[in-house]
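Each remark here refers to the structure printed beneath this line.
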Amino acid sequence: MSEREREARRARLAALREAGVDPYPARVAARETVAGVSEHFADHDEQALEADPVTVSLAGRLMALRPMGKLVFGTLLENGARIQISARKSEIPAELFAAVKTLDVGDFLHVEGPLWRTRKGELTVDLRGFQLLAKSLAPLPEKWHGLKDVEVRFRKRHLDILVNEDARRIMLQRSAVVRAMREVLDGRGFLEVETPVLQPIYGGAAARPFTTEHNAYDQRLFLRISDELYLKRLVVAGLDRVYEIGRVFRNEGISRKHNPEFTMMECYQAYADYRDMMELTQSLVQTICDRVFGTRQLPYRGQVIDFDGEWPRLSMRDAVAERIGVDVLDCPDLPSLQQALRDAGRELGEAPTWGRLVDDLFSEHVEPQLIQPTFVTDYPLELSPLAKRSPDDPRLVERFEAFVGGLEIANAFSELNDPVDQRGRLEAAHRDRDAGDDEAHPMDEDYLEALEIGLPPTGGLGIGVDRLVMVLVDAPNLREVISFPYMRPDD
RNA sequence: GGGCGCGUAGCUCAGCUGGCAGAGCAAGGGACUCUUAAUCCCUAGGUCCGGGGUUCGAACCCCCGCGCGCUCACCA
C-alpha cells in the first residue's frame, strides 16, 4: 500500500520538525529560474564554467533522485523546465550530505551552488546548500510508465499535468489560444463583458438546462445554456461590439465532443451581418494559428488541416444534395421530402419536421466529412428561431456554422431584430415545446421588449472554445483540453 | 440508454485448460564519486472492483451490480 510510503514520509517529516527544520517555510530566498539558467549557460562548456565559476540559486520540485554513495544526482523541475542537481560528499559538510539523503521525490527545494558539466555534458548545479520549501507526503506516479490510466488521469489532473508533458502542453496552448482570441477581438474594438450565469429564463440555444434555486427568494433559476440574449440586450443598450468568453451549461449527454459545462466565446457586432462574422471567424482562427502555432497547417488525427486562405462556403442545400442526391428545397414540406428520400432509397429517421429532417440528413451524412475548414450556410428557418430570415428564401435564415475535423466549432447569424417576427418565431417554438420538444426555445418577454426598443442590424458569432482547441492541439477527446472534465463521482 | 472491451501490489502489467498470487518500477535496509529508466544484494507489500453462484478447489467459468474506455443512440 502507498500507506507504507506515506508513513515513511511522515516519519521523515517528524524527524525534520524534531531537528528544528520548518518543512513548510513561508518565504523563498532570492532565486533565478531554471529555464533562465539553462538558457543563459547553454553555451558554457566545462572549461568555461571551471575558469569562471558561477553560483546559481534555484527552486523547484525534486522529480528524481539517483544516489550513488558519496555522489547523488537529482532532477529539479520548475515551471516546466528541468535541471540536474548534484551533491558531493567531498564538497559539503557531512550533516548537509546526510540531509540530502533524507529528501523524497516530490519535495520542493531551494538549492544553491556552482554550475558544472558532467562527462556527458549535462549542466548541473553542485549543491552547496539547500532549504526544504515543502515536504511531499504522497508519492508521485511511477517514473517509467508515468500516469497512463485515462480514468486516473482525469480524476487526478494535478498528477496528470505534473508528469505528462502533453497534458501540460495542452494547458499552455489553450491559454495561448484564448489570449490570442481576446487580442483579436480587443483589436477590433470589441468590449469584453460578463452576463448572468444564473438566469430566470434560459435561451439562445436548443438545449436542456441545469436548474437551481435561490433560497432567499425561493426562486427557480437556470444555469445559462448560452450568453446570446443578454449580449444582444447590451447591443440594444448601445454597446455596439461586445463579447464574452464564459462557461455555459447544457444538461445533456456526455461524449468525446460534449462536456456538461464548456467554454463559449460569443460576440456581437452592430451594423454587421453573418458574412462579416464569417470573415471574423476565419481571421480569428488564422490569427490564433499564426500566434500560437506559427503555422496555418496543423495535424489532426493523422491528417493535415489547412486553415489558410478563404475557407470554402457550402450551402446546406448543396451539401445535402451532393451526398444524398435530394434537393431539399424542391421538397418544401415534410411528407414530400420523406417521399423523395424513399425514392432515393434512403433510410428515414423520425424527424418531426422538415427542418429537423434536413438537419438530421446533414448531421449524419455531411458533418463527419467536413475535415477541412468549411462554412455551411443557409439553414432552415425553424432550426434558427433567433436568426434573420434570408431575403432570398423565406424558409431559410442568414446563418452559418463552421466545421473543422468533423466538428462544429462556430455558429453565427445575422441576428433577428424584427420584434414582431421574433415573437412569432418564439411562439412557434413554444408550441413545439408544448408538443413535447423539451429543447425548444422558451418564451422570453423581457428579451422581446428589448427588441422593441430596437436592436440594430447585428452579426453574432459563437465559437466553442474547447472544440476549437481540441482540433488545434490534435486532442482525441474534449476532456484533454478541459482542466477538470466532468467525471462521474467515484463512490 | 444499447453493444463490445477492460478492472490483479502505490504505478505499469503477466498470470496457460480451474490447482500454492507473480515481475519491473516505487517503498524500507545495505553497497557504490559521472548518474540521468543508474546499477547490485536483501526486505516488506494483495478485499485479484463488489456481491452471489457452479466446483473438491475460482483471479480464471456463470449471474447481478459498480467504475472506466471505445462505439451507437441522444446531444442542431
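Proteins come first, then strands; the chains are lettered A, B, ... in the order of their sequence lines, and each starts at number 1. What you see below is based on every heavy atom in this structure, not just the backbone, and it leaves out hydrogens, waters and symmetry mates.
Using C1' as the reference atom, B:G50 and B:G67 are 11 Å apart when rounded to the nearest Å. Atom C1' of B:G10 sits at a distance of 33 Å from the matching atom of B:C62, rounded to the whole Å. A gap of 24 Å separates the P atoms of B:C75 and B:C4, to the nearest Å. For B:A21 and B:G2, the C1' atoms lie 36 Å apart once the distance is rounded to whole Å. B:A44 and B:C49: their P atoms are spaced 24 Å apart (whole Å). Spacing between B:U47 and B:A9 at atom P, rounded to whole Å, works out to 8 Å. Rounded to the nearest Å, the gap between the C1' atom of B:U55 and that of B:C13 is 29 Å. B:U12 and B:G53 have their C1' atoms separated by 33 Å, given to the nearest Å.
In this structure, the salt bridge (charged side-chain N to carboxylate O under 4.0 Å, His left out) partners of A:Arg88, at least two apart in sequence or on a different chain, are A:Asp126. Every residue two or more places apart in sequence or in another chain that forms a side chain to side chain donor-acceptor pair (under 3.5 Å) with A:Asp393 is listed here: A:Arg395.
Across every strand in view, B:C4 sits in a pair with B:G69 that passes the Watson-Crick or G-U test at under 3.5 angstrom. B:G19: Watson-Crick or G-U partner is B:C56, with both key distances under 3.5 Å. Applying the Watson-Crick and G-U wobble criteria (two distances, each under 3.5 Å), B:U39 pairs with B:A31. Look at B:C25: its Watson-Crick or wobble partner, with both distances under 3.5 angstrom, is B:G10.
Between A:Arg117 and A:Asp45 there is no salt bridge, since none of the side-chain N atoms of the basic residue sits less than 4.0 Å from a carboxylate O of the acidic one. Of the charged side-chain nitrogens involved, none lies within less than 4.0 Å of a carboxylate oxygen, so that A:Arg169 and A:Glu165 do not count as a salt-bridged pair.
Taking atom CD of residue A:Glu367 and atom P of nucleotide B:C72, one finds them 13 Å apart after rounding to whole Å. Computed from coordinates, the A:Arg9 CZ to B:A26 C1' distance equals 9 Å when rounded to whole Å. Distance CD (A:Glu364) to P (B:C75): 13 Å, rounded to an integer number of Å. Rounded to an integer number of Å, the gap from CG of A:Asp126 to P of B:C34 is 13 Å. Between the P atom of B:U71 and the CD1 atom of A:Ile254 lies a distance of 15 Å, rounded to the nearest Å. Here B:C75 presents its P atom at 18 Å from CG of A:Asn259, a figure rounded to the nearest Å. Separating the CG atom of A:Leu71 from the C1' atom of B:U36 is a distance of 11 Å, rounded to the nearest angstrom. Here the P atom of nucleotide B:A44 and the CD atom of A:Glu7 are 17 Å apart, to the nearest Å.
Phosphate contact (OP1/OP2 of B:G28, side-chain N/O of A:Arg12, threshold under 4.0 Å): present. For the pair A:Lys120 and B:U35, the criterion of a side-chain N or O lying under 4.0 Å from OP1 or OP2 is met. Note on A:Arg208: every side-chain N or O is 4.0 Å or more away from OP1 and OP2 of B:C74.
Each of A:Leu103, A:Ile92, A:Leu62 was compared with A:Phe130 under the side-chain contact (heavy atoms from CB on, under 4.5 Å) criterion, and only A:Leu103 meets it.
No engagement by A:Arg153 is indicated, since no non-hydrogen atom pair under 4.0 Å with the nucleic acid exists. Using a 4.0 Å heavy-atom distance criterion, A:Asn477 is classed as a sugar-phosphate-only contact. Within the 4.0 angstrom heavy-atom criterion, base atoms lie near A:Ser90. Using a 4.0 Å heavy-atom cutoff across all strands shown, A:Glu122 reaches at least one base atom of the nucleic acid.
For the side-chain hydrogen bond (donor to acceptor under 3.5 Å, both in side chains) condition, the pairs that include at least one residue of residues 320-330 of chain A, sequence neighbours left out, are A:Arg317-A:Asp327.
Closest approach to the A:Gln84 side chain among B:C75, B:C34, B:U35 is made by B:U35 (side chain taken as heavy atoms from C-beta onward). Across B:U71, B:C75, B:G28, the shortest atom-to-atom separation from the side chain of A:Arg256 is found for B:U71. Of the candidate nucleotides B:U71, B:U33, B:U35, B:U33 has the atom lying nearest to any side-chain atom of A:Arg88. The side chain of A:Ala8 has B:G28 as its nearest neighbour among B:C75, B:C34, B:G28.
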Inset, instruction - Using a 4.0 Å cut-off on protein heavy atoms (strictly under), produce a 5'-to-3' string for nucleotides 38-43 of chain B with B for base contact, S for backbone-only sugar-phosphate contact, and - for none. - result: B-----
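With hydrogens and angles ignored, no donor-acceptor pair under 3.5 angstrom links the side chain of A:Thr75 to the base of B:U36.
For the pair A:Leu140 and A:Lys101, both in contact range of RNA chain B, the more 5′-proximal nearest nucleotide belongs to A:Leu140.
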Could you pull out all donor-acceptor pairs under 3.5 Å where a side-chain atom in residues 364-376 of chain A meets a protein atom, sequence neighbours excluded?
{"unit_1": "A:Gln372", "atom_1": "OE1", "unit_2": "A:Asp306", "atom_2": "N", "d": "2.8"}
{"unit_1": "A:Gln372", "atom_1": "NE2", "unit_2": "A:Val304", "atom_2": "O", "d": "2.8"}
{"unit_1": "A:Thr374", "atom_1": "OG1", "unit_2": "A:Gln372", "atom_2": "O", "d": "2.8"}

Name the atoms and distances for all side-chain donor-acceptor pairs under 3.5 Å in residues 465-473 of chain A, with sequence neighbours left out.
{"unit_1": "A:Asp466", "atom_1": "OD1", "unit_2": "A:Thr263", "atom_2": "N", "d": "2.7"}
{"unit_1": "A:Asp466", "atom_1": "OD2", "unit_2": "A:Arg174", "atom_2": "NH1", "d": "3.0"}
{"unit_1": "A:Asp466", "atom_1": "OD2", "unit_2": "A:Arg174", "atom_2": "NH2", "d": "3.1"}
{"unit_1": "A:Arg467", "atom_1": "NE", "unit_2": "A:Lys257", "atom_2": "O", "d": "3.2"}
{"unit_1": "A:Arg467", "atom_1": "NH1", "unit_2": "A:Glu408", "atom_2": "O", "d": "3.2"}
{"unit_1": "A:Arg467", "atom_1": "NH2", "unit_2": "A:Lys257", "atom_2": "O", "d": "3.1"}

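No donor-acceptor pair under 3.5 Å is formed between the side chain of A:Asn259 and the backbone N or O of A:Phe262.
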Inset, instruction - Could you walk me through whether A:Phe362 and A:Phe403 pass ring pair (Phe, Tyr, Trp, His ring centres under 6.0 Å), step by step? - result: CA-CA 12 Å; A:Phe362 175 80; A:Phe403 293 86; 5.4 Å; yes
